[in-house]
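Step one of this worksheet: look at the structure below.
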Amino acid sequence: MGNFGVQFRRDLLVAIRGRTETANPIAFFVLALSLFVFAVGTDSETLPRVAPGVVWVVALFAAMLSTENLFHRDHDDGSLELMLLDSRPLFLGVLGKLLAHWCVSGLPVAILSPLAAVFINAPFEIITILVGTLLLGTPVLTLIGGIGAALTAGLGRGGLLLAVLVMPLYIPVLIFGSGACYRVLDGATVTGPVLWLTALLAGSITLAPFAIGAALRGSQEY
Amino acid sequence: MGSIKDVFHRMGSPRFFYHGSSLWVRGLYIGGTLGLIIGSFWGLALAPPDKYQGDSFRIMYIHVPSAHLAEMVYFACAVAGFVYVVWRMKMADVFIAAAAPVGAILTLLSLASGILWGMPTWGTGWVWDMRTTSVLVLLFLFFGLIALRQAIPRLDRAAYSVAILALVGVVNIPIIKYSVEWFTTLHQPASITFTNEPTIETSMLWPLLFNTTGLYIFIAGVILAAMRVEVLKREQATEWVRDITRSMQR
C-alpha cells in the first residue's frame, strides 16, 4: 500500500497548501448554480422541478473542469515520471492520486450540495438522495475524468478536448444520479439507479486506474 | 509457425499492405454496391408493406444496417486499439484513423434514419431512451477519437492515446446492444438474433440481409481505400511512395 499512501498524502498536502486552486471547484459550483437560477428564473414551480438535474449537471462540470489539472503540474515538474519509474504497482499510485483529488473536488461538492439544494429551492425530501448519489457518483466522475486527463497530459490545451473525450462517458452517471432524485420526487423506489451507480463505481475503481496508468505511460514515452 | 508469423509481419508493413490491397478495394466496392442495389430494390419495391406501419417500415432497410455497422466499426476500432497497445502494429492505428470518420458518418446515418422512422411510427422524432442515448454517445466517442488524434502532434503518441481511448469507449457497445432488453425502451427489441427464430417475415427479412451484407462489404471497401490514403500520407518520405508519385507524374 506504500505507493497509494505516498501519493495520497502528497497530493492532499499540495492541494491544501495551494488554497485558491483548491477552492476553485467549490466556487465554480456555487457560481454556476446561481447562473442557472438567473437564467431559469426564480419561479417557484419550475425551480424545484429542475433543481436536482441542475445540481447534478453543475457538479459534473465542476468535476470535469477540476480533473483538467490532475496530472498537469506533475507532468511539468517531472514527478509524474518518477511515479511511473517506481517499481511498486502504478495502479495503487494512480488510485491514491485520484482519491486525494476527489477529497478536494467531489467530496466538498457532495457536502455542499444540501446547501446548494436549499439555495435553489429544491424540495427537502430529495436532499438525502442528492447527497447519497453525489457521494456515489462523483468518484466515478473523477475516475473517468482521470482517463481523459491522462490522455491529454502535457498537451497544454486540455479544456474543450477533455470535455469531448470525457463527457460521453459521464452520461450514464448523470442519468442514474439525477434519475434517482427524480424518482424520490415522484414517490418511486430508488433501488435501481442507486445499484447502477454502485456498479459503475465498482467497475470504474477496478478498471479506470489501469487505463489511466497506460495512458500516462504513453504520455511519457515519447 | 513460421508462416503465421510471416503473414503477421507482412500485414504490419504499410508497403505490403498498399500493394496487396489495390484489387481488394475494387472488388469490395463492386460486391457491396451489388448487394446494396439488390437489397434496396427488393426492400423498397418488392417486399410487402407492413400491416401496422405501412410503407414507413421500409426505412428499416437503411436504419438497421447502418446502426449495426456503426456499432461494429467501433468494435473493430477497439480491437485495433488492443492490437496497437499490445503489439504496436502500425497498421492497426492506420485502421482506427481511417475507420473513425466512417463510423461517425454511419452513426449519423442511423440516427437520422431513426428520426425519420420515428416521426410517423412513434409520433416523435427523438426519444431519450437508453438505445437512442447510447447511440448518441457512440457518435461522441467517434468524435473523441478524431479530436484526440488531431490534438496530439506526434504520430506515435497520438496512435497510442487514441488506442487507449478506443479501448475505454468499448464499454458503450454492450450498453447499446442490451439497452433494449435491460431497460424499458420505446425502441423495439432485436428481431433478428443468432439463437432464436427471427420475428420478422421471410419476405421482409431477405432484403434486409442483402442490405446488411452489402453494407458490410461496401464499408470494408471504404475503410480499406481510406487506409490506403492514410498509408501514402504517412509514408510519403519513403522511397517506395516517391516511386509511386513519380510514376503518376510521368
Side-chain angles (χ1 to χ4, degrees), chain A residues 53 68 71 75 94 140 143-176 178-179 182 188 192-193 195-196 199-200 202-204 206-222, chain B residues 74 78 81-82 84-86 88 93 96 100 103-104 107 127-176 178-179 182-185:
Chain A
E68 199 192 326
F71 300 111
H75 179 271
V94 166
V140 186
L143 286 155
I144 297 174
I147 300 176
L151 285 173
T152 54
L155 284 185
R157 40 176 171 167
L160 283 174
L161 176 66
L162 185 68
V164 172
L165 299 185
V166 152
M167 270 212 255
L169 300 166
Y170 274 178
I171 291 174
V173 185
L174 181 70
I175 289 176
F176 293 123
S178 73
Y182 282 110
L195 285 180
W196 268 105
L200 288 176
S204 53
T206 43
L207 295 175
F210 283 117
I212 295 171
L216 285 178
R217 285 194 199 284
S219 76
Q220 294 296 309
E221 221 167 297
Y222 309 107
Chain B
Y74 191 88
F82 181 78
Y84 188 86
V85 170
V86 177
R88 302 293 160 112
D93 180 54
I96 302 180
T107 316
V127 212
W128 287 100
D129 74 7
M130 221 44 188
R131 179 53 84 79
T132 48
T133 311
S134 51
V135 173
L136 192 66
V137 170
L138 183 68
L139 180 66
F140 293 144
L141 287 174
F142 278 124
F143 285 165
L145 290 183
I146 299 167
L148 184 63
R149 179 179 302 282
Q150 291 192 344
I152 305 178
R154 286 203 56 156
L155 193 65
D156 38 7
R157 199 199 148 186
Y160 185 81
S161 297
V162 170
I164 300 264
L165 185 66
L167 275 175
V168 169
V170 84
V171 291
N172 190 41
I173 295 297
I175 298 181
I176 298 180
Y178 294 107
S179 56
W182 292 344
F183 304 98
T184 330
T185 52

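Chain letters run A, B, ... following the sequence lines, proteins first, then strands; residues in each count from 1. Just so it is clear, the model here is predicted, and its values are computed rather than measured. Atom set for the values below is all heavy atoms of this structure, side chains included, hydrogens, waters and symmetry mates excluded.
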Q) At their closest point, which heavy atom of B:I164 faces which heavy atom of A:A214, and how far apart are they? A) CD1-CB, 3.3 Å
Q. Is A:Y182 atom OH crowded by more than 12 heavy atoms from other residues, nucleotides or ligands, each under 6.0 Å away?
A. yes
Q | Proximal component of A:A150, with respect to chain B [non-hydrogen, under 4.5 Å] | A | backbone
Q | Where B:G169 and A:L169 come nearest, the two heavy atoms and their spacing | A | CA-CD2, 4.5 Å
Q) Testing A:I147, A:I212, A:L207, A:V166 for side-chain contact (heavy atoms from CB on, under 4.5 Å) with B:V168, which one passes? A) A:I147
Q.
Using 0.5 Å steps for rounding, measure from the CD1 atom of A:I171 to the CG atom of B:N172.
A. 8.5 Å
Q. Looking at A:I144, A:L151, A:L165, which one has more heavy-atom pairs under 4.5 Å with chain B than the rest?
A. A:L151
Q) For B:L148, is it the side chain, the backbone, both, or neither that has a heavy atom closer than 4.5 Å to a heavy atom of chain A? A) both
